[in-house]
2 protein chains.
Amino acid sequence: MSTGPAFKRLPRAVREQQMLDAAVKVFSRRGFHAASMDEIAEDAGISKPMVYAYLGTKEELFVACLHREGTRMMQAIAGAAAPDLPADERLWRGLRAFFGFVGAYRDGWAVLYRQARGEQPFATELATMRARLVEVVAGMLDHALRAEGREVAGADLEVVAYALVGATESLADWLADHPEADAEKTATRMMNVAWLGAGQLLSGVTWCPPTD
Amino acid sequence: MSTGPAFKRLPRAVREQQMLDAAVKVFSRRGFHAASMDEIAEDAGISKPMVYAYLGTKEELFVACLHREGTRMMQAIAGAAAPDLPADERLWRGLRAFFGFVGAYRDGWAVLYRQARGEQPFATELATMRARLVEVVAGMLDHALRAEGREVAGADLEVVAYALVGATESLADWLADHPEADAEKTATRMMNVAWLGAGQLLSGVTWCPPTD
DNA sequence: GAGCATACCTACTCGTGCGTAGGGTTACGC
DNA sequence: GCGTAACCCTACGCACGAGTAGGTATGCTC
């Protein structure tokens, strides 16, 4: 007369992914501190001790989320940026891949990143990832410059790259908040700002503060 | 034989400012949730019930911080952007004022904003402020465009403005993390990226995705 | 079908930190 | 000098949520 187990027993690997899905969802909705392990467990359709057994403490769980989403993003971008292409082509492909990723994982990405910014333990983790991106962009600009036989101080390039990455993240946030918006179009907009600006700089045009 | 009161009795207005100073400091160091009212009180040289008596609950206290810093920032920028100047001049002055502000209040500003991003109750408050900035920048671009007799869809302008604001905030974060960096120089860098990019767009140059 | 590992649960402990009750002390008006 | 209002404190109640103890059921191997 027993109805049997209401929910199936599943292999570890599957449950871990379900837990991570739930964790990303709840963390993004509530923020790291406000999220409760109980809610994550419930959302994953499992009880709390299972989460601790598989993914460890709350911090470790968050790091696992960060890691999975970060890896997904890097993979999405990695293929796009073949180093032998011209700089504008590389930038365009990179941006398209990036916004494509954000568009697909709106919920996950943007808010995870918004969360990780504030909390000390994770901010460094995030900063490392961003540093990698900045380095790639700076390297690309540098490459393009050398191809024209000119050179710019590394620090300057890095700051420019930093600004570009910041602008991109900002538009990614915007995209995440506007479900109706189109990822491809957003990428084009970003490319306009980034490339026409970078293009000018690459051609040696420089703006100087007025001497008043 | 009594040594008298170790700490002076001070009028409300003074104490409130001390509390806000302490709150900004602690919130920025620890983040909203990790910050404790006890630590804030201790740092302000006062006991906890006083904080509740004057500034209300933790959320209300944080909002008060956000409000004070936000107002300071807006005031810093407000004077700089006289509407009758040419667009590049206005942008330059705005940026200089902005980075000057961030440079002066490194501790307070950047981290307050980093915090407010994540937590739902404050994210909207912040979004409103940012929206005002975006509007100002978009208005400036629009003005410059009309002066040349051209016109661009409002939505497009807004996205471009959004990207510029994002890039600027990103460099502000960078500035806040690099105490040795110079605010003026950072503003110049930002102006290079923003204006040379915006300048191209204003001259009607547009980048189109390659048809492959 | 006995043994064992793995999946899974209910029901707790315990620290932490928000918010408050209730009372003391200094200044200031009259 | 005396009331009254503002300033300020020590000490608590209480809820919430991280992490755990200890036990049950299911599938897999031989």
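This is a predicted model, so every value here is computed, not measured.
The distance from atom CG of B:Leu61 to atom P of C:dC18 is 10 Å, rounded to the nearest whole Å. The distance from atom OH of A:Tyr52 to atom P of C:dT6 is 23 Å, rounded to the nearest whole Å. Between the CZ atom of A:Arg9 and the P atom of C:dC4 there is a distance of 17 Å, given to the nearest Å. Atom CD of B:Glu42 is separated from atom C1' of D:dT10 by 15 Å (rounded to the nearest Å). Taking atom CE on A:Met19 and atom P on C:dC9, their separation rounds to 9 Å, with Å as the unit. In this structure, the CG atom of B:Asp38 is 12 Å from the C1' atom of D:dA11, given to the nearest Å. Per the geometry, CG belonging to B:Leu55 stands 13 Å off P belonging to D:dC7, to the nearest Å. Rounded to an integer number of Å, the gap from CG of A:Leu10 to P of C:dC9 is 11 Å.
Residues A:Met190 and A:Leu164 share a closest heavy-atom pair of CE-O, 3.9 Å.
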- request: Dump the intermediate steps for side chain to side chain contact (heavy atoms under 4.5 Å, CB included) on B:Leu171 and B:Phe99, then the final yes or no.
  value: CA-CA 9 Å; B:Leu171 278 195; B:Phe99 284 105; 3.9 Å; yes
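Side-chain N/O atoms of A:Arg15 include none lying less than 4.0 angstrom from OP1 or OP2 on C:dT6. A sub-4.0 Å separation between OP1 or OP2 of C:dC8 and a side-chain N or O of A:Arg12 is absent. For B:Tyr54, a side-chain nitrogen or oxygen approaches OP1 or OP2 of D:dC7 to under 4.0 Å.
B:Ser47 comes within 4.0 angstrom of a base, heavy atoms only. Here A:Ala35 lies in heavy-atom contact (under 4.0 Å) with sugar-phosphate atoms only. At the heavy-atom level, A:Met50 lies under 4.0 Å from base atoms of the strands shown.
Remark: the A:Lys58 side chain and the D:dG19 base include no donor-acceptor N/O pair separated by less than 3.5 Å.
The side chain of B:Pro49 lies closest to D:dT10, out of D:dT20, D:dT10, D:dA18.
A 4.5 Å side-chain heavy-atom check between A:Asp21 and A:Arg68 finds at least one atom pair inside the cut-off. Considering only heavy atoms from C-beta on, B:Lys185 stays 4.5 Å or farther from A:Val159 through its side chain. Between A:Trp92 and A:Thr188, some side-chain heavy-atom pair lies under the 4.5 Å cut-off.
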